[in-house]
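Here the structure is a predicted model, which is why all the values come from computation and not from measurement. In what follows, every heavy atom counts, from backbone to side chain, and hydrogens, waters and symmetry copies are set aside.
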Amino acid sequence: MTGWVIVAGLGPGAEDLVTPEVSTVLALATDVVGYIPYVARIAPRTGLTLHPSDNRVELDRAHAALEMAAAGRRVVVVSSGDPGVFGMASALFEALETAPQHQGLEIRILPGITAMLAAAARAGAPLGHDFCAINLSDNLKPFAEVERRLRHAARGGFAMAFYNPRSKSRPLQFARVLEILREECEPGRLITFARAVSTPEEVLTTVALSDAMPEMADMRTVVLVGNEATRRVGRWVYTPRSVPA
Ligand code: SAH
């Protein structure tokens, strides 16, 4: 048997938002590797071994996937959303850099619908002009760097999507993020808190920056900050396609 590793995005939660390509490889897999809540989304079946692992062990997980593929297994590494957006795709290549013996393996990355795009579609079109995505977690970069990028993005006129906005282990940093936004943006700037998008627990709330509170975000929330021109139309939020000269 020829082994392979496929890193696949499972989308934001709903079954309908898993691409047919990803469903096909999941049906061919002998092993599924990933963070516990993501592996929990895979239906068990005979011939399939599930390997759930904890958060923050992405590199171990990637090495394990490469080892299994080298032994002839068909391994799918799962991420939520898109695997290239703060997901397992980069972790796999980091592992591959230090494991040259595996560089000849068949490796593929299959895209998925990332949280910010699922959330933006629910809200209307808040990311309809130039935007950037920022991971607010300081697990893998200093918080000073988060602050620096945030300020530059705000000054650059970008709409923004924040991943990993707030967790129990870092309750204060998102308050600091709101403070920086208040220094850089006008009080009426629209912010959408999109929680558990495409699941039964989905909740979307849009407020002006002046009314935004840290408690509005948690680890299941992606936060969308509009640009200066972002506005409401009926129950929607959208960003115009153009910027006046
Ligand atoms: N690779 C994933 C992101 C992983 S980081 C993707 O492309 O979506 C985890 C963060 O993603 C969460 O803290 C949250 O900010 C966001 N997220 C993931 N699924 C979400 C969902 N269904 N609704 C809202 N935010 C979500």
Side-chain angles (χ1 to χ4, degrees), residues 8-23 26 32 34-43 52 55 78-89 110-129 131-137 139 158-171 173-175 177-178 181 188-227 230-239:
L10 297 178
E15 262 321 293
D16 280 5
L17 299 183
V18 179
T19 68
E21 178 181 52
V22 168
S23 301
L26 285 170
V32 171
Y35 179 37
I36 299 158
Y38 307 153
V39 173
R41 287 173 54 187
I42 308 303
N55 219 348
V78 291
S79 271
S80 77
D82 182 274
V85 180
F86 315 127
M88 280 301 298
L110 305 186
I113 296 176
T114 188
M116 70 177 173
L117 298 184
R122 283 285 198 269
L127 304 179
H129 196 73
F131 65 90
C132 64
I134 305 179
N135 185 348
L136 296 188
S137 166
N139 278 352
F158 291 99
M160 292 168 253
F162 301 148
Y163 286 75
N164 295 308
R166 189 163 171 265
S167 76
K168 290 196 186 88
S169 60
R170 18 177 211 98
Q173 292 175 349
F174 188 61
V177 164
L178 290 178
L181 287 176
R189 183 69 62 101
L190 291 181
I191 303 193
T192 299
F193 293 87
R195 182 170 196 278
V197 173
S198 89
T199 79
E201 293 87 49
E202 175 177 307
V203 181
L204 265 85
T205 313
T206 300
V207 297
L209 176 56
S210 53
D211 296 326
M213 290 181 303
E215 306 74 49
M216 291 175 169
D218 66 5
M219 279 309 273
R220 294 190 74 192
T221 306
V222 64
V223 181
L224 305 179
V225 181
N227 72 15
T230 302
R231 48 193 182 247
R232 296 184 192 259
V233 51
R235 61 196 167 86
W236 305 100
V237 175
Y238 93 105
T239 301

Does the R122 side chain pair with the main chain of L204, one donor and one acceptor, at a distance under 3.5 Å?
-> no

Flag the pair S137 / R170 as yes when at least one side-chain heavy-atom distance between them is below 4.5 Å, and no otherwise.
-> yes

Beyond-backbone contact of L17 with P12, side-chain heavy atoms, under 4.5 angstrom = yes

Spatial distance of atom CG (D82) from atom CG (L117) [nearest 0.5 Å] | 8.5 Å

If you take all heavy atoms of V207 and F193, which pair is closest and at what distance?
-> CG2-CE1, 3.9 Å

Distance from K168 atom NZ to M219 atom CE, nearest 0.5 Å?
-> 10.0 Å

Tell me, with the steps shown, if L10 and I42 meet side chain to side chain contact (heavy atoms under 4.5 Å, CB included).
-> CA-CA 9 Å; L10 297 178; I42 308 303; 4.1 Å; yes

Would you please test F131 and L224 for side chain to side chain contact (heavy atoms under 4.5 Å, CB included) and show each step?
-> CA-CA 10 Å; F131 65 90; L224 305 179; over 6 Å; no

Any chance you could measure L181, atom CG, to R189, atom CZ, to the nearest 0.5 Å?
-> 8.0 Å

Do the side chain of S79 and the main chain of M88 share a donor and acceptor less than 3.5 angstrom apart?
-> yes

Here the pair of heavy atoms bringing A212 nearest to I191 is CB-CD1, 4.2 Å

Taking all heavy atoms of P165 and all of F174, pick out the closest pair and write down the distance.
-> O-CB, 3.5 Å

Is the shortest heavy-atom distance from the side chain of Y238 to the side chain of R231 under 4.5 Å?
-> yes

Using the side chain to side chain contact (heavy atoms under 4.5 Å, CB included) rule, take R166 and L136 through it: C-alpha gap first, then chi angles, then the decisive distance, then the call.
-> CA-CA 8 Å; R166 189 163 171 265; L136 296 188; over 6 Å; no

Side chains of L110 and P83 in contact at under 4.5 Å (non-hydrogen atoms) | no

Give, for atom OG1 of T199 and atom CD of E15, the distance between the pair rounded to the nearest 0.5 Å.
-> 12.5 Å

Determine the minimum heavy-atom distance between T239 and P126, stating which atoms define it.
-> OG1-O, 2.6 Å

Is a side-chain N or O of T221 found less than 3.5 angstrom from the main chain of R195, in a donor-acceptor match?
-> no

Verdict with reasoning, R41 to V18, per side chain to side chain contact (heavy atoms under 4.5 Å, CB included) = CA-CA 11 Å; R41 287 173 54 187; V18 179; 4.3 Å; yes

Of all the heavy-atom pairs spanning T192 and A123, show the shortest one and how long it is.
-> CG2-CB, 4.3 Å

Rounded to the nearest 0.5 Å, how far does CG of N227 lie from CG of L190?
-> 10.0 Å

One should read off an interatomic distance between N139 CG and F86 CZ, to the nearest 0.5 angstrom, of 12.5 Å

Nearest heavy-atom pair of Y163 and A133: which atoms, and what distance?
-> CE1-CB, 4.2 Å

Just wondering, more than 12 heavy atoms not from E201 lying within 6.0 Å of its CD?
-> yes

